[in-house]
**Q** 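Input: one structure, supplied below.
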Amino acid sequence: MGAGREHTTRAPGPTPRRVLLVGPRVAFFARLAATLRAGGTGADVTRDAALATTEEIRGYGAVVFARTTGEDERAAVRAAFAAAGSRAVFVESPAPLVAVLAAQLEQALQGRSGAHRRRLAGLRAEPGRALVEVAVACRVRVTGHGTSRLRRPRARDLFDERLPPGTHPVPLGPRTTYVVARTYGEVLVTAVPADPAP
């Protein structure tokens, strides 16, 4: 990335389908970038985001920081994006699972694109079930994500059917920590709260 910053202005356009992963080129970010690219979303990994030019910064629609990224570096990146007039979304609570974080970034990108009516109006979870809110009848696929007892990522298909408008409960499997709901061109992600202590 270049070291200079161009101070130009232009009318906001559609959200770029490219994300910036700020942090070291570790295996997690490498897998995340590969997953995003396989789904048609561009992804770059860098530790020098604050030195990017205005045009480079405006090429990203979403940003996520590695957990090891310090507060000073985060602040510098946010300041650079603000100075460039970027409309990129910063993912504030990134999931520690590649598939879920990829879905979070997809959701961030769709949140700034088009004003068409959403089919998926909402997604929330409580111990034991997810609640999917549908605005327009559509086929919805719900996947539960978590880790096995050996801490390996695990995904489980929970539901895949056409739903009418309304709020629909979907039972969750054991050790589910995140839920991802998808329909054509849309995705929503939510964390599953832990069971309250007895």
**Q** Do the side chains of L101 and V189 join up, straight or via other hydrophobic residues, at under 4.5 Å, putting them in one cluster?
**A**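 No.
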**Q** Rounded to the nearest 0.5 Å, how far does CZ of R25 lie from CZ of R47?
**A**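 Atom-to-atom, R47:CZ and R25:CZ are 11.0 Å apart.
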**Q** If you take all heavy atoms of G23 and V45, which pair is closest and at what distance?
**A**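 Scanning both residues completely, I find the closest heavy atoms to be O-CG1, 3.6 Å.
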**Q** For L36 versus A43, what's the shortest heavy-atom pair and its separation?
**A**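 Result for this residue pair: CD1-CB, 3.9 Å.
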**Q** Identify every side-chain donor-acceptor pair in residues 27-35 under 3.5 Å, counting partners at least two apart or on other chains, and give the distances.
**A**
residue: T35; atom: OG1; partner: R31; partner atom: O; Å: 2.9

**Q** Tell me whether L172 is reachable from L123 by hopping between hydrophobic residues (I, L, V, M, F, W, Y) whose side-chain heavy atoms are closer than 4.5 Å.
**A**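 Yes, one cluster joins them.
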**Q** Could you grab the distance from atom CZ of R37 to atom CZ of R18, nearest 0.5 Å is fine?
**A**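 Output value for this atom pair is 7.5 Å.
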**Q** Which heavy-atom pair separates A135 from R118 by the least distance, and what is that distance?
**A**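 So the two residues come closest at CB-O, 3.3 Å.
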**Q** Applying side chain to side chain donor-acceptor pair (under 3.5 Å), can you list everything that pairs with R154, at least two apart in sequence or on another chain?
**A**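 Side chain to side chain donor-acceptor pair (under 3.5 Å) list for R154, sorted by chain: empty.
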**Q** Measure the shortest side-chain to side-chain distance between V19 and V64 over non-hydrogen atoms and say whether it is less than 4.5 angstrom.
**A**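 Not touching, per the 4.5 Å side-chain cut-off.
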**Q** Kindly compute the distance separating OG1 (T147) from OH (Y178), expressed to the nearest 0.5 Å.
**A**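 Between atom OG1 of T147 and atom OH of Y178 there are 10.5 Å.
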**Q** Would you tell me whether E186 and T183 have side-chain atoms, one donor and one acceptor, within less than 3.5 Å of each other?
**A**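 No, because no side-chain N or O of E186 sits under 3.5 Å from a partner of the opposite role on T183.
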**Q** Side chains of V91 and L105: closer than 4.5 Å at any heavy-atom pair?
**A**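 In contact.
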**Q** Under 6.0 Å from the CZ atom of R175, do we count more than 12 heavy atoms belonging to anything else shown?
**A**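 Buried by this count: over 12 neighbours within 6.0 Å.
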**Q** Tell me the closest heavy-atom pair linking A103 and R182, and the distance in Å.
**A**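 Of all heavy-atom pairs spanning A103 and R182, the closest is CB-NH2, 3.9 Å.
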**Q** Has the side chain of Q104 got a donor or acceptor atom that lies under 3.5 Å from a matching backbone atom of A95?
**A**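 At least one qualifying donor-acceptor pair exists.
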**Q** Could you state the interatomic distance from CZ (R152) to CG (L97), rounded to the nearest 0.5 Å?
**A**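 Here the rounded value is 14.5 Å.
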**Q** Any side-chain heavy atom of V98 within less than 4.5 Å of one from P153?
**A**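 Counting from C-beta outward, V98 and P153 never come under 4.5 Å.
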**Q** Report yes if some heavy atom in the side chain of V132 is under 4.5 Å from a heavy atom in the side chain of V179; otherwise report no.
**A**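 Answer no - side chains too far apart.
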**Q** Do L21 and V26 belong to the same hydrophobic cluster, where Ile, Leu, Val, Met, Phe, Trp and Tyr are linked whenever their side-chain heavy atoms lie under 4.5 Å apart, directly or via other members?
**A**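 L21 and V26: one cluster.
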**Q** Between L188 and Q110, is any pair of side-chain heavy atoms under 4.5 Å apart?
**A**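 Yes - at least one pair of side-chain heavy atoms lies under 4.5 Å apart.
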**Q** So, for H145 and V180, which heavy atoms are closest and what is the spacing to 0.1 Å?
**A**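 Minimum heavy-atom contact is CD2-CG2, 3.8 Å.
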**Q** Which pair of heavy atoms, one from R74 and one from T69, lies closest together, and at what distance?
**A**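 Closest pair (atom of R74, atom of T69, distance): NE-O, 2.8 Å.
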**Q** Does one hydrophobic cluster hold both V100 and L120, with members joined at side-chain heavy-atom distances below 4.5 Å?
**A**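 No.
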**Q** Mind telling me whether F81 and F90 have parallel, tilted or perpendicular rings, with 30° and 60° as the class edges?
**A**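 Perpendicular, since the angle between the ring planes exceeds 60°.
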**Q** Roughly how far, to the nearest 0.5 Å, is the CZ atom of R124 from the CZ atom of R129?
**A**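 One gets 8.0 Å once the value is rounded to the nearest 0.5 Å.
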**Q** Return a table of donor-acceptor pairs under 3.5 angstrom between the side chains of residues 156-167 and protein atoms on other chains or two or more places apart.
**A**
residue: D160; atom: OD1; partner: R139; partner atom: NE; Å: 2.8
residue: D160; atom: OD1; partner: R139; partner atom: NH2; Å: 3.4
residue: D160; atom: OD2; partner: R139; partner atom: NH2; Å: 3.4

**Q** Just by modelled atom types, is the G85 backbone N or O under 3.5 Å from a matching donor or acceptor in the R58 side chain?
**A**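 No; judged by distance alone, with no hydrogens or angles, the pair does not exist.
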